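We use all heavy atoms of the structure for the numbers below, so side chains are in, but hydrogens, waters and symmetry mates are not. Because the structure is a prediction, the values reported are computed rather than measured.
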Amino acid sequence: PDGGSLTVVQHHSLVQLPDNEYIPRGFDPRSGAISMSYLDYATPIWEPIRKRIIIRHRLVKKNPELAVSEAVEPIVYYLDPGTPEPVRSALLEGGSWWNQAYESIGYKDAFQVKMLPAGADPMDLRYNVIQWVHRSTRGWSYGASITDPRTGEILKGHVSLGSLRIRQDFMIAQALMNRPFADSDDNYGPMLEMALARIRQLSAHEIGHTLGFTHNFAASSDGKASVMDYPHPSLSFNGDQLDISNAYETGIGDWDKVTVAYSYGDIPAGTDEKIALSKILDDAYANGLQFIGDSDARAQGGAHAYAHLWDNGANPIDELNAVLELRKKAIANFSVDNIRTGEPYTMLEDVFVPLYFYHRYQTEAAVKLIGGLDYNYKVKGDNYTAVTSVPGAIQSQALRALFTTISVEHLAIPHEKLALFPPRAYNYRRGRESFKGKTGVSFDALSAAATVASLTLKLMLHPERANRLVQENAVNSTGMSFNTLLDGFNFNVFVAPKGSTYEQEVARTIQFTSLQHIIKLAANPKASGQVKATTMQFLDTLEKKMAKSNDAFNKQLAREIAAFKEDPKEFKPTNTPQIPDGSPIGSFQCLNTQE
């Protein structure tokens with residue numbers, strides 16, 4: 001063996017093609033079902049040539065005349081026997097939640113989760129498998145399917161779960177708990193339970209993909225209505241103790257029952273299938289449920305105001321404020337007792353990472369209210385709302401909350417906590433999930449502040465968001481203008497620093513970081529002419545203000561602006577250190593089958 005060799009084991013399943021009794025089901029963009037498509041060139045001219053159908057397992061009742069019946073052949077998933085306890089029991093339990101959804105459409109024990117039989121190959125087409133895999137990073141988990149390309153029938157579902165994922169939730173709980181190891185190094189029970197609660201949900205989530213369902217990122221705004229959302233833990237403090245009892249949901253959601261009904265529900269004889277399926281979705285919408293997929297939920301390019309990843313609550317602003325308060329209390333409680341006896345203080349720095357950046361995803365949710373839209377995948381004839389703009393008053397509230405996330409109060413790590421972060425211990429190097437800095441071996445508190453501020457700033461000053469603000473304000477005079485967003489920097493950022501010397505330096509760090517992002521927006525080719533003009537006007541005014549100051553730092557801000565204006569193409573904005581990984585690692589794109 002050498003570095004250029006790689007062993008590949010390929011499994012072939014030679015099976016007879018399915019019979020022709022399976023009936024494909026049409027795709028509706030409101031359904032949350034995964035679709036496949038093909039071109040039918042024999043289609044009449046007045047009909048669409050592209051045909052879209054959903055993917056699903058075959059499911060038929062033994063006794064169709066009964067309201068509740070067993071299936072001719074239940075959908076059975078098999079768990080990798082290499083999965084250790086207590087993860088094994090958690091995956092079995094979470095996966096079995098789907099039976100609740102199939103019961104709601106009149107099937108008894110139609111969905112089952114069992115252990116893979118001895119001697120069975122997990123790649124064998126005859127087995128739907130949940131596989132527990134080891135790899136070097138806590139990468140994405142996957143739910144994929146092998147389908148009949150002629151019909152969309154799922155022939156095999158295959159889930160791959162990375163074994164390191166569970167450790168991230170364990171560390172989140174370890175960071176937020178108040179002195180978990182003060183009395184005993186064996187007090188890992190509460191942290192393990194929270195991690196297992198997440199694994200139960202993850203099991204259901206990934207199996208959902210292999211049943212034919214895509215992400216629904218509006219579910220968190222509808223009372224956690226789907227396991228197909230990305231869940232953020234719901235935590236609170238009971239006195240000084242962290243309450244993790246409701247961290248994650250413990251069953252299938254209302255939306256999951258809707259999408260199972262659409263994909264697997266039986267259509268009564270003599271009923272028009274399209275009308276019956278549309279009614280399922282209309283009723284769901286009337287009951288306050290909504291489906292919004294991946295591209296509309298992403299913080300950078302997405303515009304939907306109420307569909308997000310890793311968030312909680314129907315009101316992103318209230319939840320952000322609550323998360324910031326929880327984070328503030330947890331930071332105040334943080335101590336040497338957040339690690340075990342005998343562990344180097346270096347581990348405190350690593351445990352502190354998910355705590356310091358704990359609000360990152362709720363920030364992403366709140367920022368999407370700015371220039372945000374509330375819309376549905378409306379089809380002609382339904383009662384869905386097509387699109388409405390977020391009212392200007394709500395956008396203004398969101399803007400105030402976002403400026404809070406880049407305030408000295410929330411970014412300055414308390415001075416007494418900095419003593420917990422000495423230079424790294426021998427053989428404990430920083431990695432991709434560590435704080436990055438510019439002070440060499442020592443912990444860089446100012447770079448930490450710049451890093452988390454940059455998260456908010458990058459999203460607030462995203463060119464597509466700025467462009468929408470210009471357009472929405474022109475169309476709807478009650479909306480928030482892009483000018484209002486920039487003015488917020490005058491009142492909240494570019495003001496005289498106050499407090500201790502340390503707090504003043506944190507404030508200057510926030511100012512410098514903010515300026516770099518404003519300059520990046522002015523230079524961004526995706527920014528509209530109106531956005532560029534307004535941004536340049538803001539920079540002109542700020543340059544004059546800072547140039548008149550006797551403060552050396554203010555003069556440097558003015559020089560930064562002058563250098564950019566002199567040669568925008570040659571000017572290189574100062575980048576902040578890269579934020580430690582938060583979402584799972586391992587992919588540059590987020591597909592429907594990723595978690």
Side-chain angles (χ1 to χ4, degrees), residues 29-30 32 34 140 205 213-222 224-226 228-232 255 289-317 319-320 323 359-378 384-391 394-395 397-399 401-402 405 454-473 475-476 479-480 482 485 517 520-521 524 526-528 531 579 582-584 587-595:
R30 305 168 297 168
I34 297 174
W140 297 103
H205 180 107
F213 310 133
T214 190
H215 295 133
N216 183 2
F217 288 129
S220 55
S221 297
D222 298 331
K224 297 187 176 181
S226 176
M228 301 312 296
D229 202 338
Y230 283 3
H232 197 266
W255 172 257
L289 297 176
Q290 185 180 29
F291 163 69
I292 298 294
D294 278 76
S295 60
D296 300 285
R298 304 287 163 172
Q300 295 242 19
H304 202 285
Y306 301 104
H308 319 291
L309 288 66
W310 314 110
D311 73 311
N312 283 320
N315 187 317
I317 303 169
E319 189 64 27
L320 175 59
V323 165
H359 63 296
R360 63 195 295 179
Y361 300 112
Q362 201 61 46
T363 298
E364 291 183 357
V367 81
K368 287 178 70 224
L369 293 169
I370 308 296
L373 305 170
D374 188 2
Y375 56 94
N376 293 283
Y377 306 131
K378 182 176 175 62
Y384 288 37
T385 300
V387 59
T388 58
S389 300
V390 174
I394 294 179
Q395 292 191 56
Q397 293 174 22
L399 188 62
L402 291 166
T405 69
S454 184
L455 170 72
T456 297
L457 294 164
K458 178 174 62 177
L459 298 173
M460 284 177 65
L461 298 168
H462 192 280
E464 293 173 3
R465 178 163 290 106
N467 295 342
R468 284 198 301 272
L469 283 173
V470 172
Q471 175 176 298
E472 288 299 311
N473 185 246
V475 174
N476 180 5
M480 191 179 81
F482 179 57
L485 188 153
H517 281 277
K520 287 179 183 179
L521 177 59
N524 197 307
K526 292 185 178 181
S528 68
V531 168
I579 191 168
S583 291
S587 177
F588 293 102
Q589 295 179 336
C590 299
L591 308 176
N592 284 341
T593 55
Q594 290 183 351
E595 162 33 350

All side-chain hydrogen bond (donor to acceptor under 3.5 Å, both in side chains) counterparts of [X], not counting sequence neighbours:
X	answer
Lys526	none
Asn467	Ser528
Asn524	none
Asp311	Ser220

Taking only residues two or more places apart in sequence or in another chain, which ones pass side-chain contact (heavy atoms from CB on, under 4.5 Å) with [X]?
X	value
Pro29	Phe27, Tyr377, Val379
Ala305	Leu369, Val390
Val470	Phe482, Gln530, Val531
Thr388	Asp374, Thr385

[X] side chain to [Y] main-chain N or O, any donor-acceptor pair under 3.5 Å?
X	Y	value
Lys368	Gly302	no
Ser221	Tyr306	yes
Asn216	Ala218	yes

Which atoms form the tightest heavy-atom contact between [X] and [Y], and what is the distance?
X	Y	value
Pro316	Ala314	CD-O, 3.5 Å
Ala366	Ala398	O-CB, 3.9 Å
Pro463	Ala527	CB-N, 3.9 Å

- request: Evaluate the criterion side chain to side chain contact (heavy atoms under 4.5 Å, CB included) for residue pair His215 and Asp229; output intermediate values, then yes/no.
  value: CA-CA 6 Å; His215 295 133; Asp229 202 338; over 6 Å; no
Heavy atoms, side chains only, cut-off 4.5 Å: are [X] and [Y] in contact?
X	Y	answer
Leu373	Glu472	yes
Met480	Leu469	yes
Met460	Leu399	yes

His232 meets the ring pair (Phe, Tyr, Trp, His ring centres under 6.0 Å) criterion, sequence neighbours left out, with Tyr358
_Which residues pass the ring pair (Phe, Tyr, Trp, His ring centres under 6.0 Å) test with His304, not counting sequence neighbours?_
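Counting only residues at least two positions away or on another chain, His304 forms a ring pair (Phe, Tyr, Trp, His ring centres under 6.0 Å) with Tyr375.
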Separation between [atom1] of [X] and [atom2] of [Y], rounded to the nearest 0.5 Å:
X	Y	atom1	atom2	answer
Trp310	Arg360	CH2	CZ	11.0 Å
Arg298	Leu459	CZ	CG	13.0 Å
Lys458	Thr363	NZ	OG1	12.0 Å
His462	His517	NE2	NE2	12.0 Å
Phe291	Phe213	CZ	CZ	11.5 Å
Ile370	Gln395	CD1	CD	5.5 Å

- Are Asn376 and Arg30 close enough, and set up right, to give a side chain to side chain contact (heavy atoms under 4.5 Å, CB included), and what steps lead you there? CA-CA 8 Å; Asn376 293 283; Arg30 305 168 297 168; over 6 Å; no
#### Entry: Steps toward side chain to side chain contact (heavy atoms under 4.5 Å, CB included) verdict (Trp255, Asp222)
CA-CA 9 Å; Trp255 172 257; Asp222 298 331; over 6 Å; no
By salt bridge (Lys or Arg N to Asp or Glu O under 4.0 Å), Arg465 pairs with (sequence neighbours left out) none
So, Gln362 versus Asn312: side-chain donor-acceptor pair below 3.5 Å or not?
->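 On atom types as modelled, these side chains do not qualify, holding no pair under 3.5 Å.
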- Working for side chain to side chain contact (heavy atoms under 4.5 Å, CB included), residues Leu309 and Asp294: CA-CA 9 Å; Leu309 288 66; Asp294 278 76; 6.0 Å; no
(Q) Angle between ring planes, Tyr230 versus His205, binned at 30° and 60°: parallel, tilted or perpendicular? (A)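 The arrangement is tilted - the two ring planes meet at 30° to 60°.
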